[in-house]
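Structure, as structure tokens:
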Amino acid sequence: MTTPAIEGWFSTGAEPALLGSSCTECGNIAFPPERDFCKNPVCSGETFEIRELSRRGTVWSYTDAQYQPPPPYVATSDPYVPFALAAVELPEGLVVLGQLATGFGVGDVKVGSAVELVVEAIYTDEVGERTMWKWRPVETTDEEGRA
Amino acid sequence: MSTDVAIAGVGMHPWGKWGHSFVKYGVAAARTALADAGIPWADVELVVGGETVRNGYGGYVAGSTFAQALGWNGARVATSYAACATGAQALDTARSRILAGQCDVALVVGADTTPKGFLAPNAGERWDDPDWLRFRLMGMTNPGYFALYARRRMDLFGATQEDFAQVKVKNARHGLSNPNARYRKEVSAQDVLNSAIVSDPLHLLDICATSDGGAAVVLTSMDYARKHGLGQGGADPVRVRAISTVTPTFPQTVLDMPLFSTESTNVAGTPERTFKESLADAAYEEAGLAPEDVDVAEVYDLSTALELDWIEDLGLCKRGEAEQLLRAGDTTIGGRIPVNPSGGLACFGEAVPAQALAQVCELTWQLRGQAEGRQVDGARVGITANQGLFGHGSSVIVSR
């Protein structure tokens, strides 16, 4: 069985997306989805609607992990294979971190590059295969993605 | 009414990997600071301890730990936790009680014993803890965050890995004769560039280590300082002019350790200042001083590239121009605005609850003209800056 590594944070259909929250009082968007208190200091909202966030964004910055991170990170291979990460600005006005999709490295993006959300398996536990969102570089034909 | 307090004494236990209890470092630093002030332990009315919750040993480090180790003298105690800003918050607690007229002499102590390697989160499955989740879900380490900031400087401002290496070269040279520094060895740019990449674009030698260490500051009211003739050779003592420990302003738009997202600008727009900029801004406002008044800065170089960010956050140059200052030698001792004359975290490694106090110790020595082998000539105003987890940060301004 394949299930998200964390429940309720992203959808897993044909066009997967992050699940953000929108405050029913002020409209503030948050990810991970807010469940308790709206973080807008002029709002005391405590109810939220869950909505899918944009699947595409632009790279705010990026890096990689050349050494295996300590637990609770679960290695996906032995020996360890480094992975890359990107912090991605979404049109909703927030930045969300994630690994780059398997096979992509720091040489494949720049600050401002376009990326798209995908879902990949990251490890297997007693429940089965666990998935996470990742960012996949999008081919761009113009200069927009290389700003 | 003046809101100044006097720095009567400062002291440190050298940074290193000594393998002792943090109590030993804290007591050594406290005794050194008290001796520096010429104030007997019996006269201390308040002890504030800086603590850390890292590794789940919260509660082990407390003001009372140091008070008991020094021998109960009846002083009141307080304990501060503010991640990397712990020492500054402890200092602020001491200052408040002095300015309220509730005591004249306060001893502030921070000390830590650190593990090797990456700072890992607490044990156990903690699915509601972002510090645990960032490792579990995406393997995001602290150097990963430093690398994101560094890469932005490269892509936006044309910084190079050579620039970052030159920060290390400068700080290594600054710390050469600092008796409290852990690393006292020249480092070449090639050494940095030849060291392994941890998180692209940062090499191992771009990233600070974790260390054992202890630092202490004795604060007194200005009245007490005058009555007891504190200060050197009739000169006024170094004064604390500002302690800023402001929290971020919504929305926090800079991706911040240990989170994996920022707050959205969709309702409130982008705030006028980033969190780090606001830390310094609040300090300047409290001191009634401006960036042009600063002679020397001690900033939190968790990575080499982060020192460049701080220089801009403190307003010492415009955004994107810190590399120019570095290349021109402006931030080297002897330059226009020396940064990290102590050698910084590059030479110390981080001892979390002691580090913000160590910054104040260094500035005190600089302003007294006692920073042997690393003296910034004629320094009269100094500023510190640091940022830690969970919206904690600080900036302290001292002057004489």
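Because the structure is a prediction, the values reported are computed rather than measured.
Along residues 268-278 of chain B, no residue comes nearer than 4.5 angstrom to chain A, judged on non-hydrogen atoms. Among residues 129-137 of chain A, the residues having any heavy atom closer than 4.5 Å to a heavy atom of chain B are, in sequence order, A:M132, A:W133. Using non-hydrogen atoms only and a strict 4.5 Å limit, the part of residues 79-88 of chain A facing chain B consists of A:F83, A:L85, A:A87.
Applying the side-chain hydrogen bond (donor to acceptor under 3.5 Å, both in side chains) criterion to A:T47, with sequence neighbours excluded, gives A:T24.
Inspection of the A:Y73 and B:R134 side chains reveals no N or O donor paired with an N or O acceptor under 3.5 Å.
Between atom CH2 of residue A:W60 and atom OH of residue B:Y149 there is a gap of 6.0 Å, rounded to the nearest 0.5 Å. The line from CD1 of B:I197 to OH of A:Y67 is 10.0 Å long, rounded to the nearest 0.5 Å. To the nearest 0.5 Å, atom OG of residue A:S61 and atom CG of residue B:L255 are 9.5 Å apart.
Here A:G93 is the residue among A:G98, A:A65, A:G93, A:G20 with the most heavy-atom pairs under 4.5 Å with chain B. Counting heavy-atom pairs closer than 4.5 Å to chain B, the top-ranked of the candidates A:V42, A:V74, A:V106, A:V59 is A:V106.
Interface remark: B:L202 contributes no atoms to any contact with chain A (heavy atom separation under 4.5 Å). In this structure, no portion of A:A30 lies under 4.5 Å from any heavy atom of chain B. Both the backbone and the side chain of A:I29 come within less than 4.5 Å of a heavy atom in chain B.
Using a distance-only test at 3.5 Å, with no hydrogens or angles considered, no donor-acceptor pair links the side chain of B:T141 to the main chain of A:P69. For B:S199 (side chain) and A:T63 (main-chain N/O), no donor-acceptor pair under 3.5 Å exists by modelled atom type.
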So B:R152 and A:Y62, side-chain hydrogen bond (donor to acceptor under 3.5 Å, both in side chains) or not? Walk me through it. CA-CA 8 Å; B:R152 265 181 84 75; A:Y62 53 99; over 6 Å; no
